[in-house]
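Numbering of ligands and ligand atoms starts at 1, following listing order. We number each residue from 1, following the sequence as shown. Computed from a predicted structure; not experimentally measured.
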Amino acid sequence: MKNTKQRQAIVRLMEQNEGPMTAEMLYEKLRECCPTIALSTVYRNLERFCAEGLIQKESLNDGVVRYTSCRQHGHYLVCTQCDKRIRLQSCPLTAVEEEIAKQTGFSIEGHSLTIYGKCPDCLRKASPDSSGRKTEPF
Ligand SMILES: [Zn+2]
Ligand SMILES: [Zn+2]
C-alpha cells in the first residue's frame, strides 16, 4: 500500500513539473510529502516507469540522466542512428499555432513535432579522422 502511495506521488510530481527532472530533484520534492522515502526507491520507481513507458529517460552530453513525464507536452530531437532522444527546452509552435488559427479560422487543439537527425556522437563515429573541428575554408 505504501509503495503505491509513493508511486502515485512520483507520477504526480513528474506531471506537474515543467520540463525534465533528475532523480535527486525529484527526491528533494518527494520528501515534502513522503519524508521516509529513500533515494534508491526513487531510482527503482523511475526505472520501472521508463520500462512501462510512463516517463522518458534522457542523458545529454553532460552525462546527467533526466526524466520527463510522457504526458507532458513536449518535442524531441531523435537520432536516427542510436535512437537517442533529447527534449527541446520549449515548444516552438505556440506562435505558429496562433498565426494558423488566425489565417484559417481553425480552433487549434494540439500538434505533434519530432525532429530527426544524427547526434554529435554518431557524427563523430561516422568520420573518425576528423577531430570534430571544421577546417578553415581557404
Ligand atoms: Zn546518435
Ligand atoms: Zn508543442
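- The structure places NZ of Lys29 at 12.5 Å from CZ of Arg12, a figure rounded to the nearest 0.5 Å.
- When only modelled atom types and interatomic distance are considered, Glu58 and Tyr67 share no side-chain donor-acceptor pair under 3.5 Å.
- The cluster map of Ile, Leu, Val, Met, Phe, Trp and Tyr, joined by side-chain heavy atoms under 4.5 Å apart, puts Val96 and Phe106 in the same cluster.
- Between the side chain of Thr104 and the main chain of Ile100, a donor-acceptor pair closer than 3.5 Å is present.
- Taking 2.8 Å as the limit, the number of protein N, O or S atoms around the Zn ion (ligand 1) is 4.
- Between His73 and His111, the ring planes are perpendicular. Angles over 60° get that label, and only those under 30° would be called parallel.
- Residues Leu77 and Val64 do not share a hydrophobic cluster, clusters being chains of Ile/Leu/Val/Met/Phe/Trp/Tyr side chains in contact below 4.5 Å.
- Protein N, O or S atom count below 2.8 Å of the Zn ion (ligand 2): the structure gives 4.
- Interatomic distance, CD1 of Ile115 versus CD1 of Ile86, reported as 11.0 Å (0.5 Å rounding).
- Judged by distance alone, with hydrogens and angles left aside, the side-chain atoms of Asn17 form no donor-acceptor pair with the main-chain N or O of Leu13 at under 3.5 Å.
- Atoms OH and CG, on Tyr76 and Leu113 in that order, are 12.5 Å from each other to the nearest 0.5 Å.
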